[in-house]
Structure formats: C-alpha cells, structure tokens
Amino acid sequence: MSDDTVPASPAGGDATEEASDFIRAAVREDLKKGRYSYVRTRLPPEPNGWMHIGHAKAFMIDYYVALDFGGQCNLRFDDTNPEAEDLAFVEAITRDSRWLGLDCGDDRTFFASDYYGKLYELALKLIRKGVAYVDDLSDEEIRVYRGTAVPDKHNITLTPPGKDSPWRNRSVEENLDLFARMRAGEFADGSKTLRAKIDMAHPNLVMRDPVMYRIKRAPHYRVGNEWCIYPMYDFAHPLSDSIEGITHSLCSLEYEIHRPLYEWFIREAETFPSRQIEFSRLNITHTVLSKRWLKQLVEEGLVEGWDDPRMPTIAGLRRRGYTREAIKDFIDRIGIAKTNSMVDIQLLEHCLREDLNRRARRVMAVLDPVELVIANWPEGLVEELSAVNNPEDEAAGTRTLRFDGRLMIERDDFAEIPPPKYFRLFPGNQVRLRYGYIVNCTGFEKDASGRVTRVLCEYDPGTKGGNAPDNRKVKGTIHWVRAADAVPIEARLFDHLFLAERPMEVEPGKDWKEGVNPDSVQTRNGALGEPSLAEARLGESFQFERLGYFTRDPSDSEGRPRFNRSVSLRDTWAKIEKKQA
RNA sequence: UCCCCGGUUGUGUAAUGGUAGCACGGCAGACUCUGGAUCUGCUUGUGGGGGUUCAAAUCCUCCCUGGGGAACCA
C-alpha cells in the first residue's frame, strides 16, 4: 500500500553517529537493524485550536529527527472530527509552523480527510477478515459493556472484565451490508458503530473492541457532506501513518496505552509497519499549556486574544518578541524524555535574552520620565554624540544622538534619599549620562504632592562622550532621551500570566482562573524614546538600554508606537532591592 | 481497584555494569560607560529496603511515590 511512497532515501544525518536522546537512539537502531531503510516522521495537528509552545516542542522533535537522519517530515492534519475542526486553524497552524522554520512544503502537506476513501476500504478489509463488526449498542451501553465501573475517578473500586456485545458475532455479510448502509446514511446518528473485534476482557481498556467509525451528520470543513460516518483517531491515525510510509510516529505519553492498538490496526490491515514512540509533553512554570484552558482565557476575556503577548501560543510569543531561534534553542535544551516534567520559565527567558543580546540594536527609551536640567549648559548649544548600536556586534555600527541641557531620565534613576547600595542620581552624587557627560546632582524640585518634578545638575565639560579623563570612578550610568526630540511611545511590561508556579494544581473549591495574575501587564503610556523608534519595524527587536528587549506591537496607542517588552534584562539591582525588603 | 509508564541536586537533562557530568536558577567575587554582557568559584542529587557483582543510577526483587488510561475527542 505504501510502496509508492517509499523512496530509497539514504540515512545520513548528524544524529546517526551517536544518540542525543532515546528517540534518536531508537531510530538509529531501527536503521542499523534494517527495520527501516529510511526515516519519515509527521507533524500531526488536529486543526481545532491555536498552536502553542508545547506543540512546538513536539513538532520540532518530529521535524528535526527526520532531518537528522536525512529523512522527511510530513505535515498531516488529523481532521477526523468535523465538529471541532476548521480551515482557519489549518491556516494558523501552517503559518505558525512555517514561522518556526518547520516547513514541510506544500508537497508534503496532507490531510487525514484525504484518506477517508482508503480508510473505508481498509475497514471493509477488516470486516471481511472477521475482525470488525457493526454494533447497535448506544454509547452508554458500550461504556457499561466495556467494564467501566463508575465515571468518577475517585470512586472506582475495580475494573471488571467487559462483556461481549450481543451484536459481536454478526456474519461478515451482515456486517458488510450494515456498514455500507451506515455509510449510505440509512441510520440515525449514534445508532450504530463499527467496532474492532479484539478482546472484551483485555486488561488494557482501549483494546476492548474500540470504536472505528461513528455516524455523525456533520459537514466537514474540507469534504463537506460527502460522509456521514467518520473514523476515530485510533483507527485513522495508525493507518494514515501507514499510508504515508511514516517510519516513526512520535507522540506524547498519553498515547502510550494506545500503542498496542496502533500496532493491532496496522497488523490487521497488513499495511506499512509504522512505529509509534512516545515522549513527555512540555509543561512550563507560571503558565498553562492546555488547549481547553487557553481557550477559556480567551473566551472569558482574561487575555486579549490568542495572540495576546502573555499567551504561550506561538502567535502570542511572536507578538511578544520571541524569536524562532530562541524557541528552538529552548526546545533543544529541555531535552526529550519520558519523565513528567515542569520546566522553569526562566530557561525560556534565558534563551530569549541570549539570542537577543547577540542581535538586538540598542536604543534608549525612558519609561517613566522626569525632567533633568543641566544648569550650567550653555544656552542654545546642541551637541552630537556617537552611540554604539550593538556592543556584541561591531558590524551594527554607530548612530548619532543629539544632546543638550534639557533631558528626560527614568524617575527610578533619581532618589531623594538613596537606599543602601544605590549609585544613581541623588543630591551630591555624580552619574554618567550614557554616551554623554558626567553630571553632578545639585538639587531637585517637587510639586505640592511631594512628587519630584525636576532634577537639577551640573555637567563636567571635560567628560564628553562619557569619558573620565581623570580616571575617576563613576559607578552609575543612566539612560536618557533629549526632551526636544524624544518621541512619545507606549511600553507594555509583562509578568507571568499566573502567579503560581503550577497553576494547574488548584486548591479544592477554588476556580483556577483566580490564579490569573492581575498585574500581568503594566502599560506605560507616557514613555519616550529616541527619534529612530518612530520608524521601528514590526518583527525587529530592540534593547532599550538597562530596561530589556522590546518589539513593536502590530497595534499602536493613539498614534504612538506601542512596544511590548519581550523580556527584561537580568536585573541585579532588583535582587538587591528584594533582599533589602 | 485494574492496566501502562516514570522517579538522577531547586528545575531540566546526561552517564546503558567502571571518576555521577552539563545547562538554567541561586549564592559569592572579578570586570564593565547598560546594576546588561562577559569571566571565576560555590551550589547537601541517583525515592527506600533487600539481592546479583570485584564494581550498580544502570541488572533482579519488594515497597514508596508521581503521571497516564477506562470519549461514538485527538
């Protein structure tokens, strides 16, 4: 059946020498022992939701295992449940996986729904072999016959052996006739199913005569009303793999228990022997990677949408400013195993910082501005200063900054009474204005409410460019923008979506949604940036010096460019503050 | 209860019978025109008991413990 899809593809990737994980070890072993002569994997999304970083992990494993062994990877939409699926999701998933660099190509993009005809033929084959039958039991009856005790997980006392359906021993002819009539639409939805005839006393419940086809008059987003019976995952998935000549069908741990069934269908259908291997799915602290929960966050307005920058969706991460390189690096670092794990979100953030530190152009922006006046600055003088665009990348060059006696600085960078170890601006202290001059704080002004409105200082004309010719140590260097030409911007700062490390673990009686961090976004709409920020392109990352990495949001804020903080810089001062508190 | 799969430092992951390593985090320090970056050092780990062996994270056994399964979802 799969002969036409099996090329003599040489196995020669960089994972053939030594295994870096148990899956690659297994693949290499299969090749060595001649179980397969090539490697082909698949990305198996169901088009019923948005792709998140958990899917990205699975997809990257699928994709790069194939690549490492010189094989191919198919993108196959597992669309066998017409009630849940939609073309819009196909498009979103395709876009997101390509953005991640997982491009299987149009010629390697498939749909389980394309195989409905073939799957139907294989079902007929199983009926003829006497290993599938049409059952008249209702869903409720099937559950009872399976030997399921009580649906309440905490209240189950034992699992009795199942009981054969009274329709289990229909003749092949009758089954063939009934199945044809199911397909022809003669029976009501839910009134009959096609079941595999395996073993109703099997200790593995999924082997107790699983349902292969159900009657469901729902239009399918791709094949419309062509079918009123649809195959179940357990039947469709292994045989779709088989049809495509997939060698290694990699999936998450929850399918482990289905593997005997996966193998049973392929054996009985006598098709290409694809092999299923399971690994653990990704969990990350302070967030959730469950389609159902993410959907609720969106639907109940707890976030702005699927692409909200706080969401762990690929669309959300992209909007937040995550790069595909950072995500790939993260996935590589967490490894592949069968242990249920909870990865610290700080590792993800570390991967982003590392990538952006190397590539992001430095600019200055002030999130919460306060005026700084240089009292001894010559009236009317405007100077030009040279600033480095990226100290990690000489090729990024320099830019020119204009400087005069009226600047805006970060409110945090001035303290009327400095806390211990504070070495920025306070009366009597000197500080360097990045790329500008060393200034000495001489005073400040406050309004009636006690809020500082202006910081006063004097500059040392001998320190242009920030140099200290007399070699004096100036501990603090602060960022600034020139009041006269700063551009108004909005900056959004994000925190974890959930306060708790493990938001899925909800205290009894509490709603998990109470765990949503009420301060997961802070908007600074009075922020000011260097003039160049007005033309910031979408998708470009910047480091706002001393503040973090930012990227432009697709939307703006009343004409002001809106920037999302992708991740902050490592903040040693915050740690000191925290310790002092 | 039954069936299946796991437990290596705070977290993630190596070591496949032979020195328990790496990364992140954390802590301390050096350096620095970003309290960034970089660099150095430190950071109580093989769930427990028994067994096999010259030698066990690794093999056997019992126990403990975590996850998954019992949809006409995937």
Side-chain angles (χ1 to χ4, degrees), chain A residues 20-21 25 44-46 48 78-81 83-85 135 137-139 142-143 146-149 151 153 156-162 189-195 202-208 210-216 229-230 232-234 236-237 251-260 278 280 285 291 333-351 353-354 357-358 362 364 388 391-392 421-424 432-436 438 463 465-468 474-479 501 543-548 568-576:
Chain A
S20 45
D21 58 74
E46 184 190 14
N48 72 342
D78 215 346
D79 53 357
T80 56
N81 182 8
E83 287 174 334
E85 297 148 5
D135 195 1
L137 255 30
S138 69
D139 54 351
I142 287 178
R143 202 172 314 140
R146 269 220 171 96
T148 305
K153 280 189 175 181
I156 294 172
T157 49
L158 90 165
T159 306
D189 283 14
S191 63
K192 283 182 168 47
T193 55
L194 183 70
R195 289 233 255 166
H202 199 108
N204 179 349
L205 285 299
V206 309
M207 295 296 275
R208 318 246 263 222
V211 174
M212 293 164 59
Y213 271 91
R214 74 280 211 187
I215 304 171
K216 186 174 280 191
I229 56 171
Y230 291 96
M232 301 289 292
Y233 168 87
D234 279 320
H237 198 85
C251 61
S252 51
L253 248 30
E254 63 211 272
Y255 294 102
E256 208 161 23
I257 199 161
H258 295 249
R259 194 187 333 129
E278 312 85 13
S280 67
T285 56
K291 217 179 260 184
R333 288 191 199 221
I334 58 176
I336 308 172
K338 297 185 75 164
T339 319
N340 296 301
S341 59
M342 177 66 71
V343 179
D344 194 328
I345 196 166
Q346 289 183 101
L347 179 60
L348 215 209
E349 295 173 344
H350 167 82
C351 292
R353 282 194 190 101
E354 194 170 81
N357 174 51
R358 212 165 25 221
R362 270 62 170 173
M364 289 197 282
V388 174
E392 308 292 323
K421 294 187 184 165
Y422 184 88
F423 48 76
R424 282 111 87 182
R432 176 167 22 236
L433 294 168
R434 179 77 157 152
Y435 299 121
I438 294 172
T463 58
N467 304 305
V474 178
K475 267 213 121 177
T477 298
I478 65 172
H479 60 278
E501 214 165 70
Q543 185 194 103
F544 289 5
E545 290 212 32
R546 304 211 298 134
L547 298 172
S568 67
L569 254 24
R570 247 186 68 217
D571 192 347
T572 310
W573 172 245
K575 280 180 196 165
I576 295 171

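Every chain is numbered from 1, with letters handed out A, B, ... down the list of sequences. Owing to the predicted nature of the structure, the values given are computational and were not obtained by experimental measurement. Excluded from the calculations below are hydrogen atoms, water molecules and symmetry mates; all remaining heavy atoms, backbone and side chain alike, are included.
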Under 3.5 Å donor-acceptor pair, A:Gln543 side-chain atoms to B:U34 base atoms: yes
Sugar-phosphate, base or nothing in reach of A:Met342, heavy atoms under 4.0 Å: sugar-phosphate
Pair of N/O donor and acceptor under 3.5 Å linking B:G36 base with A:Glu392 side chain: yes
Residue A:Glu256, side-chain atoms from C-beta onward, closest of B:G66, B:C4, B:C72: B:C4
Nucleotide-resolved protein contact map, nucleotides 40-47 of chain B, B/S/- at heavy-atom distance under 4.0 Å: --------
Atom pair CG (A:Asp135) and OG1 (A:Thr193), whose distance is rounded to the nearest 0.5 Å: 4.5 Å
A:Asn357, nearest nucleotide to its side chain (from B:A37, B:A74, B:G35): B:A37
Side-chain N or O of A:Lys575 closer than 4.0 Å to phosphate OP1/OP2 of B:G26: yes
A:Arg362, nearest nucleotide to its side chain (from B:U34, B:G35, B:G7): B:U34
Test item: A:Glu354 side-chain N/O and A:His350 main-chain N/O as donor-acceptor pair under 3.5 Å: no
Spacing between A:His479 atom NE2 and B:A37 atom P, to the nearest angstrom: 16 Å
Sugar-phosphate, base or nothing in reach of A:Leu137, heavy atoms under 4.0 Å: base
Rounded distance (Å) that lies between atom P of B:G68 and atom CG of A:Asn340: 7 Å
Side-chain donor/acceptor of A:Arg432 to backbone N/O of A:Gly466, under 3.5 Å: yes
OP1 or OP2 of B:C24 under 4.0 Å from side-chain N/O of A:Arg570: no
Donor-acceptor pair, side chain of A:Asn204 and main chain of A:Ile257, under 3.5 angstrom: yes
Out of B:G7, B:A70, B:A37, whichever nucleotide has its closest atom nearest the side chain of A:Thr339: B:G7
Exercise: do A:His479 and A:Arg546 side chains pair donor with acceptor under 3.5 Å: yes
Touch class at under 4.0 angstrom, heavy-atom based, for A:Asp139 against every strand present: base
Polar side-chain contact A:Arg424-B:G35 base: donor and acceptor under 3.5 Å: yes
Integer-rounded Å distance: B:C73 C1' and A:Tyr213 OH: 16 Å
Most 5' of A:Trp573 and A:Ala337 on RNA chain B, judged by nearest nucleotide: A:Ala337
Side chain of A:Met232 (C-beta onward), nearest among B:A71, B:G68, B:A70: B:A71
Proximal nucleotide (of B:C73, B:G25, B:U34) relative to the A:Gln346 side chain: B:G25
Nearest-angstrom distance, C1' atom, B:G41 to B:C5: 40 Å
Sugar-phosphate only, base, or nothing, as touched by A:Tyr435 at under 4.0 Å among non-hydrogen atoms: base
Charged tip of A:Lys475 within 45° of A:Phe423 ring normal and under 6.0 Å: yes
Donor-acceptor pair, side chain of A:Arg195 and main chain of A:Pro210, under 3.5 angstrom: no
Exam field: side chain A:Asp344 to backbone A:Leu347, donor-acceptor pair closer than 3.5 Å: no
N/O (side chain, A:Arg259) to phosphate O (OP1/OP2, B:C5) under 4.0 Å: no
Minimum-distance pair of heavy atoms, taken over all atoms of A:Gly147 and A:Pro160: O-CD, 2.9 Å
Nucleotide B:G68, atom P - distance to CG of A:Leu253 in whole Å: 10 Å
Distance-only donor-acceptor test, A:His258 side-chain atoms vs B:A74 base atoms, 3.5 Å: yes
Contact under 4.0 Å: A:Arg143 side-chain N or O vs B:A71 OP1/OP2: yes
5' priority, RNA chain B, between A:Gly190 and A:Pro391 [closest heavy atom]: A:Pro391
Distance, P atom - from B:U1 to B:C63, rounded to whole angstrom: 12 Å
Contact under 4.0 Å: A:Ser138 side-chain N or O vs B:C72 OP1/OP2: no
Distance in angstrom units between A:Glu545 CD and B:G36 C1', rounded: 8 Å
Closest listed nucleotide, where the reference is the side chain of A:Thr193 and the choices are B:A74, B:C3, B:C72: B:C72
Donor-acceptor contact present, side-chain A:Thr463 to main-chain A:Ala468, <3.5 Å: no
Side chain A:Arg333 and base B:U13 donor-acceptor under 3.5 Å: no
Whole-Å gap separating P (B:A23) and CG (A:Leu347): 12 Å
A:Trp573 six-ring centre to A:Arg424 NZ/CZ under 6.0 Å and within 45° of normal: yes
Pairwise C1' distance, B:C42 and B:U52 [rounded to whole Å]: 39 Å
Sugar-phosphate only, base, or nothing, as touched by A:Asn48 at under 4.0 Å among non-hydrogen atoms: nothing
Side chain A:Arg362, main chain A:Gln543, donor-acceptor under 3.5 Å: no
Rounded interatomic separation in angstrom, taking CG from A:Asp344 and P from B:G26: 9 Å
Sugar-phosphate, base or nothing in reach of A:Ile576, heavy atoms under 4.0 Å: base
Side-chain N,O (A:Lys338) to OP1/OP2 (B:G68) below 4.0 Å: no
Dot-bracket summary - RNA chain B, pairs being Watson-Crick or G-U whose distances fall under 3.5 Å, with | when paired to another strand: .((((((..((((....[..))))((((((.......))))))...(((((..]....))))))))))).....
Sugar-phosphate, base or nothing in reach of A:Lys421, heavy atoms under 4.0 Å: base
Nearest-neighbour nucleotide for the A:Thr80 side chain, B:A74, B:A70, B:C73 considered: B:A74
Minimal non-hydrogen separation, A:Tyr233 against A:Thr80, with atom names: N-OG1, 4.4 Å
Nearest-Å distance once atom P is located in both B:A15 and B:A28: 34 Å
Touch class at under 4.0 angstrom, heavy-atom based, for A:Tyr422 against every strand present: base
A:Asp21 CG - B:U16 P separation (whole Å): 15 Å
